[in-house]
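Following: one structure in structure tokens, then a few remarks.
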Number of protein chains: 2
Amino acid sequence: MIRLVVVDDHPIVRGGLRDTFANAEDIVVVGEAGDGAEGIERAELLAADVVLMDLRMPGMDGVAATAALRERCPSVRVLILTTFDSESDVLPAIEAGAIGYLLKDALPDELMRAVRAAARGESVLAPSVTQHLMGQVRRPGAGTLTDREKEVLQLVANGSSNREAAAALFIGEASIKTHLQHIYDKLGVRDRASAVAEGYRRRLLT
Amino acid sequence: MIRLVVVDDHPIVRGGLRDTFANAEDIVVVGEAGDGAEGIERAELLAADVVLMDLRMPGMDGVAATAALRERCPSVRVLILTTFDSESDVLPAIEAGAIGYLLKDALPDELMRAVRAAARGESVLAPSVTQHLMGQVRRPGAGTLTDREKEVLQLVANGSSNREAAAALFIGEASIKTHLQHIYDKLGVRDRASAVAEGYRRRLLT
DNA sequence: CTGTCGGTCCACCGAACGGTGGAGGCGTGA
DNA sequence: TCACGCCTCCACCGTTCGGTGGACCGACAG
């Protein structure tokens with residue numbers, strides 16, 4: 001029996017999911033929550049196997065909740081169920097440790113199969129989500145800049161030369177160059193201009 | 001006699017302004033409004049010469065109202081009177097066609113002189129506002145890249161070197177350099193990386 | 001305690017870039 | 001008709017950048 005916790009800020013959605021899983025004899029909805037913090041609590045308390053998590057919620061959002069839950073209860077599988085499949089939603093969720101990512105237009109049948117797969121530790125992704133992911137994997141080192149690297153990139157975007165960025169961060173020019181090389185590798189580019197462009201596309205820069 | 005309409009969402013402010021202008025024998029407050037849409041209506045209906053416009057208001061804000069009013073009644077002078085002088089407030093207001101921009105800490109005397117100036121078609125700006133404006137004017141052509149320049153900037157953002165961009169556009173490398181120089185001038189930057197950053201900030205790039 | 005990761009730093013080199021000051025052609029609108 | 005904006009192109013020069021292949025340190029996890 002798979003113990004499921006549903007986390008979504010809309011009571012309607014929670015009701016719909018409860019109904020859906022009422023038809024499955026191997027899945028039982030043991031708890032519900034209206035925001036991330038509550039979801040973590042319920043999942044831990046009720047010994048959930050799988051958590052169905054919405055992303056956009058008031059208070060603690062789904063990404064933060066997923067990360068926190070993975071930290072505290074690594075055995076719990078988090079399956080994202082949301083309306084949005086933009087890159088800026090998908091990537092942080094996966095990074096945070098979600099095992100799957102479905103869209104709310106999924107059929108009840110798909111949903112149940114996904115929950116069973118998640119319980120077994122397998123990943124299920126909506127097709128459009130797969131695309132985004134492929135795009136990331138193609139770039140080795142996958143898009144996660146360190147804090148320092150983000151600082152450097154921001155300075156470069158603001159017009160700093162390597163020398164100026166070094167002065168701003170109180171480090172040597174050589175370090176700036178090293179950071180930039182790492183940034184180029186991670187973003188899959190070859191110069192500062194396109195690194196800045198990638199930074200904006202991935203919402204790393206403001 | 002200068003016919004003035006006051007647009008501000010705070011009744012207190014409107015009252016203060018009415019008092020202020022009661023002492024001027026060449027200015028008469030013919031109407032008031034609490035938001036932009038109402039302000040446009042009043043200004044047109046009452047044949048205003050000058051409109052004193054707040055920027056931050058519920059409903060239609062001052063910038064939108066200024067633009068709409070300039071569109072419908074080009075003879076009406078819009079004088080911004082607000083608390084804020086940040087670049088993000090000032091520039092849109094000026095662009096929208098405001099003839100002057102004062103801050104609410106202006107003295108009554110200054111205010112009246114500004115209204116008279118506006119009625120004559122002259123511009124009066126608060127000192128700090130002038131600074132912002134200079135910063136923009138210093139960049140000639142201000143922010144309007146030509147189609148060709150946008151193409152070049154897009155290519156650079158996508159990682160092209162000057163040589164590659166030249167090949168892509170079937171022109172010489174020298175032309176790319178010239179375009180880039182123009183782009184730097186217009187955007188107020190000194191290198192391709194920050195040009196790309198500005199491009200994203202101004203939504204010229206995708 | 002031994003990898004691994006993040007951050008710092010070094011040297012060298014060729015290539016690319018940015019700055020400057022031009023110039024000519026072409027179309028549009030005053 | 002003439003000025004203006006836009007696009008194209010040229011030469012020269014110093015500076016900066018990007019590429020490579022290292023190196024050391026501290027922190028943290030396995």
Side-chain angles (χ1 to χ4, degrees), chain A residues 67-68 70-75 95-97 139-199 204-205, chain B residues 136-199 204-205:
Chain A
R70 294 293 305 166
E71 181 81 27
R72 292 177 58 172
C73 314
S75 66
E95 270 175 38
R139 323 191 228 283
T144 327
L145 299 190
T146 66
D147 290 346
R148 202 53 159 173
E149 286 160 356
K150 279 185 221 168
E151 283 185 299
V152 171
L153 185 55
Q154 185 72 59
L155 284 166
V156 167
N158 290 341
S160 295
S161 66
N162 290 346
R163 189 185 309 258
E164 288 163 346
L169 297 178
F170 304 106
I171 61 178
E173 205 176 329
S175 303
I176 297 294
K177 294 185 70 173
T178 305
H179 285 309
L180 280 174
Q181 289 300 331
H182 294 164
I183 292 170
Y184 299 157
D185 289 346
K186 289 183 179 180
L187 298 184
V189 299
R190 289 188 340 271
D191 61 70
R192 54 180 54 219
S194 42
V196 167
E198 262 314 292
L204 302 169
L205 293 175
Chain B
Q136 282 308 98
V137 175
R138 222 167 277 152
R139 333 194 222 282
T144 329
L145 298 190
T146 66
D147 289 346
R148 202 53 159 174
E149 286 161 355
K150 279 185 224 168
E151 285 184 296
V152 171
L153 186 54
Q154 185 72 60
L155 284 165
V156 167
N158 290 340
S160 294
S161 66
N162 290 346
R163 188 184 308 257
E164 288 163 347
L169 297 179
F170 305 107
I171 61 178
E173 204 176 330
S175 302
I176 298 293
K177 294 185 71 173
T178 305
H179 284 309
L180 280 174
Q181 289 301 330
H182 293 163
I183 292 170
Y184 299 158
D185 289 345
K186 289 183 179 179
L187 298 184
V189 299
R190 289 188 340 271
D191 60 71
R192 54 180 54 216
S194 43
V196 167
E198 261 315 292
L204 302 169
L205 293 174

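Order of the sequence lines fixes the chain letters, A, B, ..., with proteins taken first and strands second; residue numbering starts at 1 for each chain.
In this structure, B/Asp147 atom CG and C/dG27 atom C1' are separated by 15 Å, rounded to whole Å. As rounded to whole Å, 16 Å separates atom P of C/dG6 from atom CG of A/Leu153. One atom, NE2 of A/His179, and another, P of D/dG18, lie 15 Å apart when rounded to the nearest Å. Look at OH on A/Tyr184: it is 13 Å from P on D/dT20, rounded to the nearest Å. Here the C1' atom of nucleotide D/dG5 and the CD atom of B/Glu149 are 10 Å apart, to the nearest Å. At whole-Å resolution of the value, CG in A/Leu145 and C1' in C/dG7 are 14 Å apart. In this structure, the CD atom of B/Glu151 is 9 Å from the P atom of D/dC7, given to the nearest Å. Following rounding to the nearest Å, B/Ile176 (CD1) and D/dC10 (C1') show an atom-to-atom distance of 15 Å.
With rounding to the nearest 0.5 angstrom, the CG atom of A/Leu153 is 13.5 Å from the CZ atom of A/Arg148. Here B/Ile176 contributes atom CD1 and B/Arg163 contributes atom CZ; the two are 12.0 Å apart, rounded to the nearest 0.5 Å. Note that CG of B/Asp191 is 8.5 Å distant from OG of A/Ser160, once rounded to the nearest 0.5 Å.
Relative to the side chain of B/Asp191, the nucleotides C/dG7, C/dT8, C/dG18 differ in distance, and C/dG18 lies closest. Residue B/Ala174 has its side chain nearest to D/dC10 when only C/dC9, D/dC10, D/dG18 are considered.
Look at A/Thr178 and you won't find any side-chain N or O under 4.0 angstrom from OP1 or OP2 of C/dC9. Considering only side-chain N and O atoms, B/Arg192 lies nowhere under 4.0 angstrom from the phosphate OP1 or OP2 of D/dC17. Put simply, B/Arg190 has no side-chain N or O that comes within less than 4.0 Å of OP1 or OP2 on C/dG19. Put simply, A/Gln181 has no side-chain N or O that comes within less than 4.0 Å of OP1 or OP2 on D/dG18. Look at B/Asn162 and you won't find any side-chain N or O under 4.0 angstrom from OP1 or OP2 of C/dA16. For the OP1/OP2 pair of C/dG6 and a distance below 4.0 Å, the side-chain nitrogens and oxygens of A/His182 include no atom meeting the criterion. Residue B/Ser161 places no side-chain N or O under 4.0 Å from the OP1 or OP2 atom of C/dA15. Proximity of B/Arg163 to the phosphate of C/dA16: a side-chain N or O atom is located under 4.0 Å from OP1 or OP2. Considering only side-chain N and O atoms, B/Ser175 lies nowhere under 4.0 angstrom from the phosphate OP1 or OP2 of D/dC7.
Side chain of A/Glu164 to backbone of A/Ser161: a donor-acceptor contact under 3.5 angstrom is found. In terms of modelled atom types and a separation under 3.5 Å, the side chain of B/Asn162 and the main chain of B/Ala165 share no donor-acceptor contact.
For the pair A/Lys186/A/Thr146, a side-chain contact is recorded, criterion being any heavy-atom separation below 4.5 Å from C-beta on.
When heavy atoms are screened at a 4.0 angstrom cut-off, B/Glu173 is found touching no nucleic acid atom at all.
Two residues, B/Lys177 and B/Arg148, neighbour DNA chain D, and the one matched to the more 5' nucleotide by heavy-atom proximity is B/Arg148.
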